[in-house]
Enquirer: 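Below you will find the structure I want to go over with you.
Both ligands and their constituent atoms are indexed starting at 1 by order of listing.
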Amino acid sequence: MIKVENITCKYKNGTNIQTLFEQESFEINQKDFIIISGPSGSGKSSLLKIVSGMLKPNEGKVYWQDKDIYSLTNQNLSKVRLEESGFIYQDFMLIDELTVLDNIKLVQHLSKKINNELIEELIKKLSLEKLLTKYPPVLSGGEKQRVAIARALANNPKVLFCDEPTGALDFVATKEIMDLLQKINQENNVTIILVTHEQENLKYATRIIKFDNGKLKCD
Ligand code: ADP
């Protein structure tokens with residue numbers, strides 16, 4: 001479970017201070033498929049970065065299973081993020097010089113926890129069997145995102161953070177990826193926290209966090 005307590009996010013742009021949100025609190029449960037929605041520039045990515053351990057809020061705390069993540073050293077926070085969470089991006093962030101299989105295995109090498117059984121399971125779940133020896137540049141957008149999801153799940157994370165994961169995909173691939181994320185949430189018991197500005201995706205959420213005039217509305 002993730003608990004966010006009284007967080008504030010401000011940026012200094014020259015002499016101006018831009019406040020995106022102030023003193024916001026909410027909780028996320030293991031079974032949640034959370035969608036963070038709102039117009040461009042409202043602060044969705046900043047909120048995702050704060051909750052995922054990438055950006056320390058100006059004020060407030062973020063707890064992952066009672067761990068105050070921003071009280072950890074950078075090294076320990078990196079370790080916790082690697083072991084307990086996965087991240088997928090709009091532009092996939094695959095390594096073009098590695099095959100699909102080596103991309104998927106990457107996080108297990110980083111954490112030195114090799115689990116070939118899990119890799120096999122993910123290859124099946126994400127239908128990657130025919131792509132394993134290929135390199136990312138020859139894949140379609142939907143295929144690249146399937147590889148990125150497999151890579152993000154290879155350490156068996158509790159939570160998957162997704163920043164506009166369908167932003168670069170067409171309608172058909174968007175549905176495919178959102179359906180897969182829903183399956184992973186329901187069958188693998190992985191919490192999903194996803195930023196999107198696409199209205200079509202909202203139906204996948206079990207809960208929505210919406211930016212509304214600088215305030216967060218959580219249902
Ligand atoms: P969204 O994901 O909803 O588009 P972001 O969280 O990316 O919103 O950004 C919200 C606002 O914060 C934008 O106006 C952006 O210019 C500003 N911003 C984001 N990151 C930074 C940063 N590192 N430094 C200064 N301003 C930033």
Enquirer: Please determine which of Leu181, Leu194, Asp179 meets the side-chain contact (heavy atoms from CB on, under 4.5 Å) test together with Tyr204.
Expert: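 Single pass found, and it is Asp179.
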
Enquirer: Give a yes or no on whether a salt bridge exists between Glu83 and Lys158, defined as a side-chain N under 4.0 angstrom from a carboxylate O.
Expert: no

Enquirer: Is the NZ atom of Lys175 crowded by more than 12 outside heavy atoms at less than 6.0 Å?
Expert: no

Enquirer: Would you say that more than 12 heavy atoms from the other residues, nucleotides or ligands in this model lie under 6.0 Å from the CD of Glu187, or not?
Expert: yes

Enquirer: Counting neighbours of NZ on Lys203 that are heavy atoms of other residues, nucleotides or ligands and sit closer than 6.0 Å, is the number greater than 12?
Expert: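 Yes, NZ of Lys203 has more than 12 neighbouring heavy atoms, counting only those of other groups under 6.0 Å.
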
Enquirer: So does Glu129 have more than 12 non-hydrogen atoms from other groups sitting under 6.0 Å from CD?
Expert: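 Buried by this count: over 12 neighbours within 6.0 Å.
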
Enquirer: Near ligand 1, which protein residues have a heavy atom under 4.0 Å away?
Expert: Tyr11, Asn13, Gln18, Leu20, Pro39, Ser40, Gly41, Ser42, Gly43, Lys44, Ser45, Ser46

